[in-house]
Amino acid sequence: MRTGISVEEALTLVLREAQGELSVEEVPLREAYGRVLAQDLASLVNHPDQDDTAVDGYACRREDTLGASWESPVRLRVIGESPAGRPFAGRVGQGEAVAVYTGAPIPQGADAVIRVEDTRREGEYVLLLAPASPKDIRPQGDDLKGGEVYLRRGDLLTPGRLGLAAAMGYPRLKVFRRPRVGILSTGDEVVEPGEPLPFGGVYNSNAYSLLGLVQEAGGEPVLLGKVEDQPDRVLESLEAAGPLDLLLTSGGVSMGEYDVVRKVLEQVGEVVFWKVQQQPGKPLLLARLRGIPVLGLPGNPVSSMVSFFLYGRPFLFQLQRRTDPPYRSLRAKALTPFKGAQDRKAFRRGVLSFEGELVVRSTGNQSSGVLRSMALGNALVALSPGQDAQEGEMVEVIPLTFVL
Ligand code: AMP
Ligand code: MG
């Protein structure tokens, strides 16, 4: 077992556990939003499927319209029209034009379009007040070329990508099964919201902030409830969890006599590391239990959320072969001081905004028991060991992407 390791080492060890293959399922487009593609998608069509017009106007032969102007308009005979979806069947000859509407194919014989704004209609004739040009013709395949891959395995299906999959002609998509993530809360003092709060009790907030974090990262949360700080109770629950891709426990991994999660995992599982040089979340633990990776999150509400964000989320991204990074670093100007930790990397909670430049302010009390900081904040301010940031200093900021 490793102990007292750096944030970087801890992340490497966590990602090493994310080697499993998620099975693949096929879903109709209407259920695919927010899922992760398990196949590369090559376009089944050209878009536009043939040269079409980007404007409402008239299609004609460019050479017939050279020199057209307000002073000396060119007169063409309108031989038909081509609304979108109903192409004109004939051919445009010399001195002729076809009325076209955005998205309609360019009729045969025409090689230019004039916008309706630059024309005047006179019965079966149209007067062109400027030359027609090919610039408003969208060539076949301008947007999508048949056979070309535009979306890849591991791409999160955002609204734009979902539309793109539809535009490419796919009614159903192969996506990865959502990873199942067990959430087990431990602690004699922990009670469910709705129950009366006994003296010294605390409502179980971790289960629900983790539930949100797991869903936001594409996982399917499996709430395993709460157990007391007794080794056999903890063991029972761990074993009853059923098939999981990741197990999260909260609480019971610190130094205390009643921190039984660590003891149980040491006995029946295999602890990979315990304690990371970070604040909050120092007692974080990684273990394996019957082939399932276990992230033992500290009980403090901020510690458990920050630790999940820094390690659990990247784990789930890797398992889903996600092509986007689990988080990004930006630089912003600190508008309040941020205090670091002597011997560890610190992750403070801040509110990031743009005020002519990126700026970040502290959410206030930075104690790891103050969950309000995670509800108010939209970013972590990352400070190296020993680094204190003064007002006006540039700092590293990691947006908590689930609130952006
Ligand atoms: P522990 O890591 O078990 O030492 O717990 C650290 C702190 O987090 C204690 O103050 C606990 O009461 C609190 N805590 C533990 N589990 C939860 C939970 N599920 N929800 C909210 N607070 C918790
Ligand atoms: Mg405890």
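As the structure lists them, so they are numbered: ligands from 1, and atoms in each ligand from 1.
Counting non-hydrogen atoms of other residues, nucleotides and ligands closer than 6.0 Å to CD of Q342 gives a total of 12 or fewer. K333 NZ: 12 or fewer foreign heavy atoms inside a 6.0 Å radius.
N46 contributes no side-chain N or O that, together with a main-chain N or O of P48, makes up a donor-acceptor pair within less than 3.5 Å.
Closest to atom 18 (C) of ligand 1, if we only count protein heavy atoms, is N206 ND2, 3.2 Å. Annotation: atom 19 (N) of ligand 1 to nearest protein heavy atom, N204 OD1, 2.9 Å. Protein heavy atom closest to atom 5 (O) of ligand 1, with residue, atom name and distance, is G299 CA, 3.7 Å. Counting only heavy atoms of the protein, atom 20 (N) of ligand 1 lies nearest to S205 N, 3.1 Å.
With a 4.0 Å heavy-atom cut-off, ligand 1 is reached by no atom of K226.
Of all atoms in ligand 1, numbered sequentially from 1 with element shown, those under 4.0 Å from a heavy atom of Y203 are 20 (N), 21 (C). Close approach to S250 involves these atoms of ligand 1, each under 4.0 Å from a residue heavy atom: 19 (N).
Note: no N/O pair closer than 3.5 Å links P298 and ligand 1 by distance alone.
When only modelled atom types and interatomic distance are considered, T323 and D155 share a side-chain donor-acceptor pair under 3.5 Å.
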